[in-house]
Structures are given as C-alpha cells and as structure tokens.
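Just so we're on the same page: letters track the sequence lines, and every chain starts at 1.
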Amino acid sequence: MSVKGCTAKQVQIIADSGLEPRIIKRLNKVGIANYTVFDARGEGDSGWHSGQMDGDSEVLILLLLEEGQMDSLKDVCKHYLSRGHHLTVFVSNVEMISLSCM
Amino acid sequence: MGIDALLIPAILFFILGVIAKFVDSDLKFPDGMSKGISIYLLMAIGLKGGAELGKADLGIAVQSIFWAIVLGFVLPIIGYWILRFRNKIDSMNAAAISAHYGSVSAGTFLTAIAFLEASKIEFETYPIIMMVMMESPAIIIGLVLAALARKRLQASGEMKTQQAPETEWGPLLKEAFTNGSVLVLLGAMFIGAVVPPENMATLYPFTKEIFMGVLCLFLLEMGIVGAQRLDAFKKGGGAYLIAFGIIMPIIGGTIGVVVAVSFLGFTAGGALLVAILSASASYIAVPPVMRYGVPEANPSYYLALSLGVTFPFNVVIGIPLFYNMAIYYQGLVA
C-alpha cells in the first residue's frame with residue numbers, strides 16, 4: 001500500500017513559557033486548534049534561559065497549517081511582537097504524512 | 001559568630017554547587033527537578049506556618065501582616081530609586097529589578113531557618129505568614145513603576161506609542177495573587193491551620209524529617225544555577241548592578257531588623273527571619289510576571305542579580321550578618 005503525503009506550512013514559535021497559554025488561547029480563537037509544545041532552553045535576545053524555573057523557561061510551539069491560515073498566524077504573532085515580547089517564528093514548507101492527508 | 005556560622009549542611013551544599021560550576025563539573029539536575037523541590041519546600045513550610053498560626057496571637061499576626069505589606073510596597077520603591085540614581089539603569093529594567101527586591105526568596109528564608117535550628121536559636125513563626133504576604137505587593141509596585149515609566153518615555157518621544165505595550169492589569173494582578181508559590185503557600189497554611197495536630201502527625205516524616213535533606217538538594221542546585229548566572233554580567237554594565245545586588249539586601253535587611261525589633265517585638269531569631277525576607281530577592285514568583293508585564297526589561301539582569309549575586313550574598317554573609325545586627329540593635333533599644 002502506498003502512503004500519500006500532503007504539503008503544509010510548518011510553524012515553530014519560540015517564546016517565554018509564560019506566553020504559552022496566552023498564545024494557544026489566541027490561536028484557538030482564530031481557528032488554529034492543533035499544536036505540539038516542547039520545553040526549550042537556550043540563549044537569545046533576552047539572555048540565557050536555563051529552563052530550570054518558570055521565569056527562566058522557553059517553549060517551542062509546533063504548528064502545521066494550511067496556506068490560508070497564515071494571515072491569522074501573523075496577526076497573533078504581531079500582537080505579541082508589537083508589545084515587545086521576544087518571539088521568534090520560523091515558517092517552512094514541509095511534506096507531511098498523517099491521517100488528515102488520506 | 002565566625003566561620004562556624006557557615007558549617008551548616010544546607011550552606012555547604014550551596015557552596016558545593018558553586019564549586020561544581022567553577023570546576024566545570026558535569027553535575028546536573030534532571031529537568032524540572034528544581035520546580036518539584038520548590039513546591040515541596042513551599043508546601044512543607046506552609047504546613048508548619050499554618051500549624052503555628054492555629055496557636056498564634058491574632059494581634060501579633062495582624063501586625064505582622066501589616067508590616068509585611070508595608071515592606072512589600074516600600075522596598076521596591078527604594079530599590080527603584082537606587083537603580084535610577086543618575087540614570088545608571090534604564091527605567092524599565094529598574095522597575096522589573098526592583099519588583100524582585102520587594103518580593104521574597106523562599107530558599108533564603110528556609111536557609112535562615114536551617115541556620116537558626118542548627119544553632120539552636122529560638123524564633124517566632126509569624127515571619128512565615130509575612131513571607132506569604134510579601135509575594136504580591138512588590139509585583140504590583142513593579143508593574144506600576146513600569147507603567148509610569150512607559151508614559152514618561154512616550155511623553156518625551158523616547159518610546160513610540162505603537163511600540164508601548166499596554167499593561168494588561170487584569171491578568172497580571174490575577175497572576176500576582178494566584179501564582180503557584182502563593183497558592184501552594186496559602187493552601188498549605190490553611191490546611192496546616194485547620195487539620196488537628198494528631199492528623200498532621202502522619203505527614204511529619206514527609207514534611208519534617210526529610211525537610212533539611214531536600215533543602216540541601218535545593219541549595220546544591222541553586223549554587224550551580226547562581227554561579228551560571230554570573231556569566232550574564234560579563235557582557236557589560238555589571239559593576240553597578242552587582243553593587244546594587246549587595247547594597248540593596250543590606251538596606252532591606254537593616255529595615256527588616258528595625259521593623260522586627262522595634263515594631264513587632266521579635267527576638268533576634270525572629271528579627272533575622274524578617275531581615276532575610278526584606279533582604280532577599282524573588283526568583284520564583286516575580287520573574288514570570290515581569291517577563292509578561294514588562295517585556296522591555298532584560299530577564300538576564302533580574303535573574304542574574306537575584307540568583308547570582310543576592311542569593312549567595314544572603315546565604316553566606318547576610319544570614320550571620322543580620323543575626324548579629326539584630327542582637328546589636330536589640331541591645332541598643334533595650
């Protein structure tokens with residue numbers, strides 16, 4: 001049996017762990033309901049984050065979106081970036097294999 | 001009181017953690033372990049405080065709460081003024097840092113209790129109630145100072161209106177009063193106060209007998225994390241901040257001794273605990289609120305100051321210093 005894949009936009013958002021529930025809530029409001037969250041640590045514009053304590057932790061939010069959802073995503077990102085939050089967002093075209101493709 | 005003041009397992013484990021970092025040891029705690037240990041320590045101290053509260057003199061308890069709130073509001077304003085002196089530190093970073101110094105470090109407070117118990121010094125337990133009350137006012141003051149600074153910067157044109165984040169007071173105030181550490185402390189205190197002592201006794205192996213061992217583990221990790229944080233100052237602008245991280249706890253500790261002895265009538269042991277509450281800087285409750293409420297501030301500064309400078313200073317020097325200061329001041333006012 002051959003497995004059919006489909007294309008999607010892979011979005012990775014690196015943010016302060018305190019922003020996680022707020023970003024997810026805002027994404028849900030614009031119809032983006034599926035996501036995966038990873039704990040993250042590292043160093044960037046806002047210094048080094050060890051991941052050991054709540055105020056010192058980052059998360060990586062992984063989303064797979066359709067092209068038509070990108071404007072909604074940009075609005076959500078703009079909301080936080082315009083308020084000075086250190087949000088880094090990577091977007092790439094990927095091929096995925098999942099039940100939703102079949 | 002000399003070097004023997006440091007010969008307490010908890011303090012020695014802290015120093016071991018610092019050494020581990022400086023010799024580049026691969027010693028590392030599993031992810032999330034310090035969060036778990038923090039919850040355990042807050043729960044254990046909350047239960048102890050609650051059990052004592054059940055037997056407390058209501059008048060002294062109310063006075064303690066009053067002075068805790070006063071200290072929580074006044075200390076960050078003093079800190080902000082020192083940081084802004086001659087524009088040494090920008091107003092947004094000054095607001096975020098000063099909020100940390102008005103709040104408390106439960107780890108330092110528990111180390112002070114370990115010091116008193118090891119030295120067999122009597123102390124009042126009202127400072128445990130004060131610890132709960134001091135978590136939130138400083139957060140509010142920090143947010144107010146940041147909001148005022150933002151308005152000032154907008155008026156002077158240094159910050160464009162579209163760049164200026166609006167302070168979301170509702171969610172931030174909710175976080176100030178319901179953040180994890182406040183909730184666990186208040187909840188454990190309530191449970192400790194209402195549960196009859198004979199029912200509490202079944203918990204003692206968990207909350208009393210292993211307590212000091214868990215505190216040693218916590219301080220071992222704090223030693224590693226604190227020493228790692230010092231690297232933040234290598235990137236410049238550190239001398240004034242490091243000086244602040246030492247001067248501010250001395251000012252706060254001195255105010256704490258005066259309040260405890262002159263206004264609350266505490267013994268030297270109780271005065272040490274109030275001094276440590278006033279001298280310590282938060283690294284659990286305040287950083288998440290400041291990261292969201294004051295995103296313009298650099299988290300490296302307040303985390304490095306709290307964990308890399310003030311925490312070690314208080315653990316190694318502050319605790320014996322404030323205890324001796326309390327004895328001296330008691331003699332002075334007697």
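Annotation: A/R22, atom CZ; neighbour count of heavy atoms from other residues, nucleotides and ligands within 6.0 Å is above 12. Heavy-atom neighbours of A/N28 CG from other residues, nucleotides or ligands within 6.0 Å: above the threshold of 12. Within 6.0 Å of NZ on A/K25 lie no more than 12 heavy atoms contributed by other residues, nucleotides or ligands.
Both the backbone and the side chain of B/Y283 have a heavy atom closer than 4.5 Å to some heavy atom of chain A. Contacts between B/M92 and chain A at a heavy-atom distance below 4.5 Å are absent for every atom of the residue. Within the 4.5 angstrom heavy-atom criterion, only side-chain atoms of B/L307, from C-beta onward, approach chain A.
Across B/P287 and A/G55, no two heavy atoms sit closer than the pair CB-CA, 3.7 Å. Counting all heavy atoms, side chain and backbone alike, B/Q228 lies closest to A/W48 at OE1-CH2, 3.2 Å.
Side chains of A/H49 and B/P299 form a contact here, defined as non-hydrogen atoms less than 4.5 Å apart. Contact check for B/K35 versus A/S57: side-chain heavy atoms found under the 4.5 Å cut-off.
Note that NE2 of A/H85 is 5.0 Å distant from OH of B/Y292, once rounded to the nearest 0.5 Å.
Using a cut-off of 4.0 Å between Lys/Arg side-chain N and Asp/Glu carboxylate O, A/R83 and B/E296 are scored as not salt-bridged.
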